[in-house]
Amino acid sequence: MGNKKLTEEEVIKRINSTFLQDVELISPYINRRSLITLHCKDCEYVWNTSAQNVLYLKKGQKLHQCPNCSKSSYETDVKLFILWKRNLS
């Protein structure tokens with residue numbers, strides 16, 4: 001019993017359910033090992049990734065994030081932490 005290839009419609013549904021941001025598939029889906037191109041509608045960032053990296057969540061894994069939005073969020077968190085530490089001194 002082999003794995004059934006996902007349709008492009010199923011891929012789009014999975015992307016919509018596994019990302020925090022509004023992300024769209026902008027390249028054809030070939031198979032889970034192929035590269036796909038994604039576009040974040042929140043920040044307009046476009047990136048390539050392996051389909052299997054974003055189509056599946058491991059048990060206990062949080063939702064995926066756009067790399068650009070994730071970086072922005074991390075940088076904001078670090079800046080807020082530094083300001084907080086300065087206020088404690």
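Heavy-atom basis, side chains included; hydrogens, waters and symmetry copies ignored.
Within 6.0 Å of CD in E9 there are 12 or fewer heavy atoms belonging to other residues, nucleotides or ligands.
At least one side-chain heavy atom of C40 sits under 4.5 Å from a side-chain heavy atom of C69.
I30 and V11 sit in two unconnected hydrophobic clusters of ILVMFWY residues. Membership requires side-chain heavy atoms under 4.5 Å apart, directly or through other members.
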Could you list the donor-acceptor pairs under 3.5 angstrom formed between side-chain atoms of residues 15-28 and any protein atom two or more places apart in sequence or on another chain?
| residue | atom | partner | partner atom | Å |
| --- | --- | --- | --- | --- |
| N16 | ND2 | I12 | O | 3.3 |
| S17 | OG | K13 | O | 3.3 |
| S17 | OG | R14 | O | 3.1 |
| T18 | OG1 | R14 | O | 3.0 |
| T18 | OG1 | V54 | O | 3.1 |
| Q21 | OE1 | C66 | N | 2.8 |
| E24 | OE2 | H39 | ND1 | 2.7 |
| S27 | OG | T37 | N | 2.7 |

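We find the OH-CG distance between Y29 and L35 to be 12.5 Å, quoted to the nearest 0.5 Å.
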Checklist entry - So T49 and L38, side chain to side chain contact (heavy atoms under 4.5 Å, CB included) or not? Walk me through it. => result CA-CA 8 Å; T49 187; L38 300 173; 3.9 Å; yes
Item to check | Stepwise side chain to side chain contact (heavy atoms under 4.5 Å, CB included) check, Y56 with R32 | outcome: CA-CA 10 Å; Y56 306 98; R32 67 186 179 108; 4.0 Å; yes
